[in-house]
Amino acid sequence: MSLADRKRYEPSEVEPRIAERWLHARINSPAPEGDSRDNYSIAVPPPNVTGALHMGHALNGTVQDALVRFHRARGKNTKWILGTDHAGIATQTQVEKLLVSEGSSREEIGRDEFLKRVWTWRDQYGGTIIEQFKALGASLDYEDERFTFDEAYAQAVLKVFVDLYEDGLIYRDNYMVNWDPGSGSAISDLEVEEREVTDSIYEIAYPLADGDGELIVATVRPETMLGDTAIAVNPADERYTHLIGRTAILPLVGRELPIIADEYVKTDFGTGALKITPGHDPNDFELGRKHGLAEISVIGEDGRMNENAGEFAGQTVTQARAAIVERLAGAVRGVEPHVHTVPFSHRSGERIEPLISLQWFMRMDELAGPAIDVVRDGRVTIHPPSQSRRYVDWLENIRPWCVSRQLWWGHQLPVWYRGEETYVGATEPEGDGWVRDADVLDTWFSSALWPFATLGWPEDDPRLRAFYPTDVLSTARDILFLWVARMVMMGLRFTGDVPFADVYIHSVIQSPDGRRMSKSLGTGIDPMDLITGGPRPPVFKEGGDFPAYGADAVRFGLMAMSSTQDVRFSEEKVAQGQALANKLFNATRFVLMNVAAGAKPRRDPQTIEDRWIASRLLAARADFEARVQEFDFSKAAFGLYDFVYGELCDWYLELIKGRDFDARLSGHLLYVLRETLALAHPLIPFVTEELWDNLPGTDGLLAAHQLSPERGARDEQAEAEIAQAIAIISAVRTWRESAGVKPGEMLQARASGIAGIEALVAKLARLKFTADGAPAVATIPVAGTTIELLTGVDPEEAARKTAAERSRLEGEIKRAAGKLENAGFVAKAPADVVEAERQKLDRLRADLEAL
RNA sequence: GGGCGGUUAGCUCAGCUGGUUAGAGCACCGUGUUUACACCGCGGGUGUCGGGGGUUCGAAUCCCUCACCGCCCACCA
């Protein structure tokens, strides 16, 4: 169907076709040539291999794609590195659920069979999100897809582990960890979230060993008392100083507990006497190590009381708590409700059980220093700047990272044991009797290598030379520590260079009602539903399906929404993007239906409005480029919208209507259109590509088009004159509207000093200028001149209108004059401000005079 | 407990290195002169810039304070 017959832009018809052309043209798969200074690269935050596109991916994908297309058009060899993450716990949990629904379990089928099932699952769902990225228009390098579980990637992971072990940064230790009973694994501090809960606080009497009274301690976890190995009091607490060094008896167990002094104990909380359970409380663990106390575990990794719990062994924590409180009977001296925060697993949602466990840890202090330095000295810039402080604060207080996980789906530790021996190496050790550690690495361990392991590191890969360091890392705030900081640390350690120059932290898009987007709350919005017209989720008041907005509209909308802080989703902004695409489409139709046959794009201004639009195009381009470079995408998007609507369509195309579309005008129009499409392409690639294809004198794909270097200077004179024309036309239109004069009625008018724009004003303001000396029936002072209307005006309406305008001017004059009469203002304000106010007052008075 | 951010039109947000009568999109109201677009054009701002105090010739903008909302960090039993 020819463009002339398509009155409306239909993204659903166009986008799949265009996406297919991009893929076939291989523009996304650059040759690994040159080095990172000539090239532009971004490593996509690898989505969970079996995940689906959510709003965060859509926003982040748009940001990265806009950057990639922007730099590609400006001469860079660009690579957007594609890949997915094996996502240890998340994926394992999904497959386990599947097994349970089949009446089976991972334990039942065993490790090898389970891993096969996960691979099958991956093959089944692994392509979904990649297809969705294609629909969004993301120009990822689809021919070089990586997976954090690829053979080569796995080798890189093992090498890093082995190297860090040999450097003494990775070690095995019995230490307090966050045990997640839900996943049956230790997890890192970052995977823990604090939630507020109401517990009971029990006051329990511990008798003194010498029979001389008792000591009352307060606890919310009586079940852990079985593992108590001391009682601590503050050395300055006069209530207890006489007890320090003496011994108490642990009820139910009979263990002797030394009474120790430590400033850690608060005198004004609880009873001022703290039971110390090094086996099950992080603080007590620290105190225990400090004071050399025994560490007794009474809770096992299954979340049940273990053999050290005596008669309570086998009970769950909750059961044991009740049973112990009951057995203590009279020793319980008080029970109060207590609101406090306790750790929960971010993954499984279960309450964390702190316990001592033999795990692999990574010392972070040595890695953190350089990672702080590169942000401080600007080798890595974090946008917005407020986030770099968070980054530095976290790194300055960093603690060892527990990297081992008791899962099956992940990189198995390259560690073997034989009796007391430990072997760490990339390959299995020689000799018999070695048993490999069953644990796997935290998923974030492998993710931390993403920017270089995807490019072939540690091999001397041409891709690494060409595209590392990458240019930008774009992501959401929530993984600044979990991922970004660790990539910087690992990048510096293993490649000697930063992994990226800029970090862009984008907004989190909330549901329209301000809540977090979530499927279970019904507040989630699937970007694909916006693109193709799926159902509106319950969070929208109105029901029904979204219109098929198309990928360009979604991309524009998300960019328009983006900010330095979190924002609410706004369907209107997506609709605005749809309107922009449609507007460009129709402006192009208009041009193509009118240009002279054989015309080619050529910058060739003949008239003042031609000069004006060429100048405004330069301004729009400079503005867009500045906004993109400072990561201010919403301004970039709105700037583009304003240019297309507010300058190109509303004014320029209206101003040229009626002119002879000769070869010169046709060429100039095609030029303006071509440059506009090229400028807008990074944000709305589909519609611009489609129109480019229909534009005479363009070769190949717009996506592969190199922008011509910016030519020419701004034309101040044309900009000033057309600005005046616009002001006059708008003023006349406003005047007509409020004076009740029909928009189409031709009026006789008179004006002076606007010779250069008189014809343009006459056309769009529906005026017929004359030198007739007839008296004016109405006057409109505007933009340094006065439009006098001679005919077609009801004198009463005109008089009313004039009176209203007079009173407006008088009000402003009064205000300006008052300001200038204020001695303080004249004396203290800067001279140019005062002068501007004077000039304004003069102008207002002249306007009033003209009335 | 500590820290950060927010509160501007009916809605979503700009503006905040102090200086025109505070803006945009959508919604809303009015209206259709035209060689593309009714997913259109043209015209219209509907506001106690969260409350209070202060600095200043001048405050949405700077300072203090209060309120509410959101987020991050944190080892008070």
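Numbered from 1 within each chain, the chains take letters A, B, ... in sequence-line order. The figures that follow rest on heavy atoms only: side chains count, while hydrogens, waters and symmetry mates do not.
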Could you tell me whether the side chains of Asp262(A) and Asn234(A) share a donor-acceptor contact shorter than 3.5 Å? no
Given atom CD1 of Ile398(A) and atom C1' of A74(B), what is their separation to the nearest angstrom? 16 Å
Provide, to the nearest angstrom, the distance between the CZ atom belonging to Arg736(A) and the P atom belonging to G32(B). 13 Å
Nucleotide G25(B), atom P - distance to CG of Leu640(A) in whole Å: 15 Å
With Tyr206(A), which residues qualify under side-chain hydrogen bond (donor to acceptor under 3.5 Å, both in side chains), at least two apart? Asp228(A)
How far does the P atom of A59(B) sit from the matching atom of G19(B), given to the nearest Å? 11 Å
Under a 4.0 Å heavy-atom cut-off, which of residues 266-275 of chain A touch RNA chain B? Lys266(A), Phe269(A), Gly270(A), Gly272(A), Leu274(A)
Asp189(A) CG to C75(B) P, straight-line distance once rounded to whole Å: 8 Å
Between Thr277(A) (side chain) and Gly279(A) (backbone), is there a donor-acceptor pair under 3.5 Å? no
Criterion salt bridge (charged side-chain N to carboxylate O under 4.0 Å, His left out) on Asp552(A) and Lys583(A), from CA distance to verdict: CA-CA 13 Å; Asp552(A) 285 331; Lys583(A) 196 73 173 173; over 6 Å; no
Do nucleotides 34-42 of chain B as a string where each nucleotide becomes B, S or -: B if the base has a protein heavy atom under 4.0 Å, S if just the sugar-phosphate does, - if no protein is that close. BBBB-BSSS
For the backbone of Ile204(A) and the side chain of Arg333(A), can you confirm whether one donor and one acceptor N or O come within less than 3.5 Å of each other? no
C1' atoms of U12(B) and U7(B), separation to the nearest Å: 14 Å
Rounding to an integer number of angstrom, what distance separates U46(B) and U8(B) when you compare their C1' atoms? 14 Å
I'd like to know if Arg289(A) pairs up with Glu295(A) as an ion pair, taking the criterion as any Lys NZ or Arg NE/NH1/NH2 lying under 4.0 Å from an Asp or Glu carboxylate oxygen. yes
Scan every strand shown for a Watson-Crick or G-U wobble partner of G5(B), both distances under 3.5 Å, and answer none if you come up empty. C69(B)
Once you round it to whole Å, what is the distance between C1' of C71(B) and CD1 of Ile505(A)? 14 Å
Using atom P of each nucleotide, how far apart are G30(B) and G23(B) to the nearest Å? 24 Å
Using Watson-Crick geometry (N1-N3 plus N6-O4 or O6-N4) or G-U wobble (N1-O2, O6-N3), each under 3.5 Å, G41(B) is paired with U31(B)
Atom P, compared across C66(B) and A22(B): separation rounded to whole Å: 31 Å
Quick check with a 6.0 Å cut-off and a 45 degree axis cone: is Arg555(A) positioned over the face of Tyr549(A)'s six-membered ring? no
Within the 4.0 Å limit for protein heavy atoms, which parts of nucleotides 6-13 of chain B are touched? Write it as a string from 5' to 3', B for base, S for sugar-phosphate only, - for none. S-----BS
Whole-Å gap separating C1' (C75(B)) and NE2 (His280(A)): 17 Å
Should C13(B) form a Watson-Crick or G-U wobble pair with both distances under 3.5 Å, which nucleotide is its partner? G23(B)
Is there any side chain to side chain donor-acceptor pair (under 3.5 Å) pair reaching into residues 560-569 of chain A, and which pairs are they, with sequence neighbours excluded? Arg477(A)-Asp566(A)
In terms of side-chain geometry, is the basic nitrogen of Glu737(A) or Lys742(A) positioned less than 4.0 Å from the acidic oxygen of its partner? no
For Phe633(A) and Phe631(A), take the angle between the two ring planes, folded into 0 to 90°, and tell me which bin it lands in: parallel under 30, tilted 30 to 60, perpendicular over 60. perpendicular
Taking only the P atom of each, what is the distance from C64(B) to G6(B) in whole angstrom? 14 Å
Per the under-4.0 Å heavy-atom filter, residues of residues 332-341 of chain A near RNA chain B come out as His338(A), His340(A)
U33(B) versus G50(B) - spacing of their C1' atoms, nearest Å: 46 Å
Is there a donor-acceptor pair under 3.5 Å between the side chain of Asn586(A) and the backbone N or O of Arg589(A)? no
Have a look at Thr219(A) and say if it touches a base, only the backbone sugar-phosphate, or nothing, with a 4.0 Å heavy-atom cut-off. sugar-phosphate
How do Ser562(A) and Ser386(A) order along RNA chain B: which one's closest nucleotide is nearer the 5' end? Ser386(A)
Atom CG of Asp632(A) to atom P of C16(B): distance rounded to whole Å? 11 Å
Donor-acceptor pair, distance only, cut-off 3.5 Å: does the side chain of His383(A) make one with the backbone of Ile505(A)? no
Do the side chains of Lys635(A) and Glu630(A) get close enough for a salt bridge, i.e. N-O under 4.0 angstrom? no
Quick one about His346(A) and Glu191(A) (side-chain donor to acceptor, distance below 3.5 Å, no hydrogens or angles considered), yes or no? no
Which part of the nucleic acid does Arg389(A) contact within heavy-atom distance under 4.0 Å: base, sugar-phosphate only, or nothing? sugar-phosphate
Quick one: is the NZ or CZ of Lys657(A) closer than 6.0 Å to the six-membered ring centre of Phe661(A), and within 45° of its axis? no
Could you check Glu396(A) against Arg389(A) for salt bridge (charged side-chain N to carboxylate O under 4.0 Å, His left out), going step by step and ending with a plain yes or no? CA-CA 10 Å; Glu396(A) 283 179 338; Arg389(A) 219 175 75 197; over 6 Å; no
Taking atom P in both G43(B) and G52(B), what distance in whole Å separates the two? 37 Å
Are Lys635(A) and G15(B) close enough that a side-chain N or O sits under 4.0 Å from OP1 or OP2? yes
For Gly514(A) and Asn283(A), take the nucleotide of RNA chain B holding the closest heavy atom to each; which residue's nucleotide lies nearer the 5' end? Gly514(A)
Would you mind reading off the distance between Arg477(A) atom CZ and G70(B) atom P, rounded to a whole angstrom? 14 Å
Can you see if the side chain of Thr734(A) gets near the phosphate of G44(B) - specifically, an N or O under 4.0 Å from OP1 or OP2? yes
Pairing partner of C62(B) (Watson-Crick or G-U wobble, both distances under 3.5 Å): G54(B)
